[in-house]
Participant: 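Could you have a look at this structure, given as structure tokens, before my questions?
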Amino acid sequence: MEQLLKVSNLQTGFSKDGQVQKILHGIDLQVNKGEIVGLVGESGSGKSVTSLSIMQLLQGTSGKIIDGDVNYKGVDLLSLKESAMRKYRGKELSMIFQEPMTSLNPVVKVGKQMREIIMLHLNYSKDQAHKHAISMLESVGIPRAADIMKGYPHELSGGMLQRVMIAMQISCHPSLLIADEPTTALDVTIQAQILQLLKDIQQSTDMGVLFITHDLGVVSEICDRVVVMYAGRVVEELPVDRLFEDARHPYTKGLIQSIPKIGANKRKLFSIAGTVPSPRNMPTGCKFAPRCEYAMDICRQKEPDLLPSKYGKSRCWLESTGEEEAYERELSYRD
Ligand SMILES: Nc1ncnc2c1ncn2[C@@H]1O[C@H](COP(=O)(O)OP(=O)(O)OP(=O)(O)O)[C@@H](O)[C@H]1O
Ligand SMILES: [Mg+2]
């Protein structure tokens, strides 16, 4: 399998009152060609900060990458100057945001915005870029694409805007697409259409996709592999076809239980007890321990490493030691 993106030990923090608050504590993940990797976790787990760090879009915030590597096709992206990175963004690696207006300019016509990005990266003439833009809009199912090109983003519905955004971001044939909750702002029917569209595009282009969501249901529908984040750490990684049977981490199991089932009573929907800890007030030991029904003493005292599990990786004392052994260890830890 051809590796596209390899993130190793990525650490990012934000400075506040002269102090750096670390948010990502060493993220490791990989996206291969032709693969959709789901990045999941509750709100605040650091999914967006991970994607912004990879794309180096932290300028304008107090955020800074503190350590780690972001390797794309053998190039160390973190060593690139902004001018060099700009050649990669939109051309090699593209990003779709939850809110399309984050990347579309409301006062510039759709056509002009699309042409500009195409002319910049593909060296097309204005006329060629115009034709390419129309064909891209048509490929994402936009009717009357030539008319849409003449309009402004604010004239479009949410679903249409997200399609324009996708067309724009794939117009220069990126090898890697990062989609940060691209459908959460849309209603369920449109959401399903956009997910299917992304899946179709990915299959016809063989792109690698890092798909960010808090919804494991969506992951199970479109992803090949899943990386689960909690409190700025990767806590589990698994092939999606092993997710439901072989998830090892109690947090992943909790997320699986929280997937709404068709026909289920919404009021009785399961949710993991407790809340994500604040970066200012992280527990020692495993960050999930205060919410974990299996937590042992060792879990509250020492953070487990992310270690190989049967089908992937897991950061859990139960997994890394085996339950009995963990119990033994817990006893010896007490002495
Ligand atoms: N610009 C910023 N300045 C300071 N702290 C930030 C900034 N952006 C994010 N953070 C902090 O980083 C942590 C992770 O945020 P992030 O947006 O990555 O979460 P997320 O997993 O994407 O959540 P969601 O599902 O809500 O999008 C949060 O504690 C947040 O407060
Ligand atoms: Mg986010």
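All heavy atoms count here, side chains included; hydrogens, waters and symmetry mates do not. Read the numbers this way: they start at 1 and go in the same order the structure lists the ligands and their atoms.
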Participant: What protein heavy atom is closest to atom 2 (C) of ligand 1, reported as residue, atom name and distance in Å?
Facilitator: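 Here the closest protein heavy atom is Phe14 CE2, 3.2 Å.
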
Participant: Classify the side-chain pair Ser175/Lys73 by whether it contains a donor and acceptor separated by less than 3.5 Å.
Facilitator: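 A donor-acceptor contact under 3.5 Å links the two side chains.
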
Participant: Can you confirm whether something in the protein, heavy atoms only, sits under 4.0 Å from atom 30 (C) of ligand 1?
Facilitator: no

Participant: Does ligand 1 have any atom that is closer than 4.0 Å to a heavy atom of Glu181?
Facilitator: yes

Participant: Please determine whether Ser48 has a backbone or side-chain N, O or S atom lying under 2.8 Å from the Mg ion (ligand 2).
Facilitator: yes

Participant: For ligand 1, which atoms, with element, lie under 4.0 Å from some heavy atom of Ile23?
Facilitator: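 Going through ligand 1 atom by atom, the ones under 4.0 Å from Ile23 are 11 (C), 12 (O), 13 (C), 14 (C).
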
Participant: Provide the number and element of each atom of ligand 1 under 4.0 Å from a heavy atom of Ser48.
Facilitator: 17 (O), 18 (O), 20 (P), 22 (O), 27 (O)

Participant: I'd like to know whether ligand 1 has Ser45 as a neighbour, heavy-atom separation below 4.0 Å.
Facilitator: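 Distance cut 4.0 Å: Ser45 passes for ligand 1.
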
Participant: Looking at His132 versus His173, is the centre-to-centre ring distance below 6.0 Å?
Facilitator: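 Centroid distance His132-His173: below 6.0 Å, so yes.
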
Participant: Give the residue and atom name of whichever protein heavy atom lies nearest to atom 26 (O) of ligand 1, and the separation in Å to one decimal.
Facilitator: Ser43 OG, 2.5 Å

Participant: Determine, for Arg89 against Glu82, whether the closest basic-nitrogen to carboxylate-oxygen distance falls under 4.0 angstrom.
Facilitator: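 Salt bridge flag = yes for Glu82 with Arg89.
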
Participant: Which ligand 1 atoms does Pro279 reach within 4.0 Å, using its non-hydrogen atoms?
Facilitator: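 Counting atoms of ligand 1 from 1, those under 4.0 Å from Pro279 are 29 (O).
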
Participant: Ignoring hydrogens and geometry, is there a side-chain-to-backbone donor-acceptor pair from Asp28 to Asn9 under 3.5 Å?
Facilitator: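 Confirmed, Asp28 side chain pairs with Asn9 backbone.
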
Participant: Can a donor-acceptor pair be found, under 3.5 Å and without considering hydrogens, that links the side chain of His25 to the backbone of Gln11?
Facilitator: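 Here the side-chain-to-backbone pair does not exist.
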
Participant: Please work out whether the ring planes of His154 and Tyr152 are parallel, tilted or perpendicular, with thresholds of 30° and 60°.
Facilitator: parallel

Participant: Is the backbone N or O of Ile272 less than 3.5 Å from a side-chain atom of Arg291, with the two atoms forming a donor-acceptor pair by type?
Facilitator: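 Checked: pair present.
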
Participant: Using a distance-only test with no angle check, is there a side-chain donor-acceptor pair under 3.5 angstrom linking Ser258 and Ser271?
Facilitator: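 No pair is found: no donor N or O on one side chain lies under 3.5 Å from an acceptor on the other.
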
Participant: Going by the closest heavy atom to atom 16 (P) of ligand 1, which one wins out of Leu24, Thr12, Val49?
Facilitator: Val49

Participant: Determine, considering heavy atoms only, which of Lys16, Lys47, His214 sits nearest to atom 25 (O) of ligand 1.
Facilitator: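 That would be Lys47.
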
Participant: Could you tell me if any non-hydrogen atom of Gly44 lies under 4.0 Å from any atom of ligand 1?
Facilitator: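 Contact present.
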
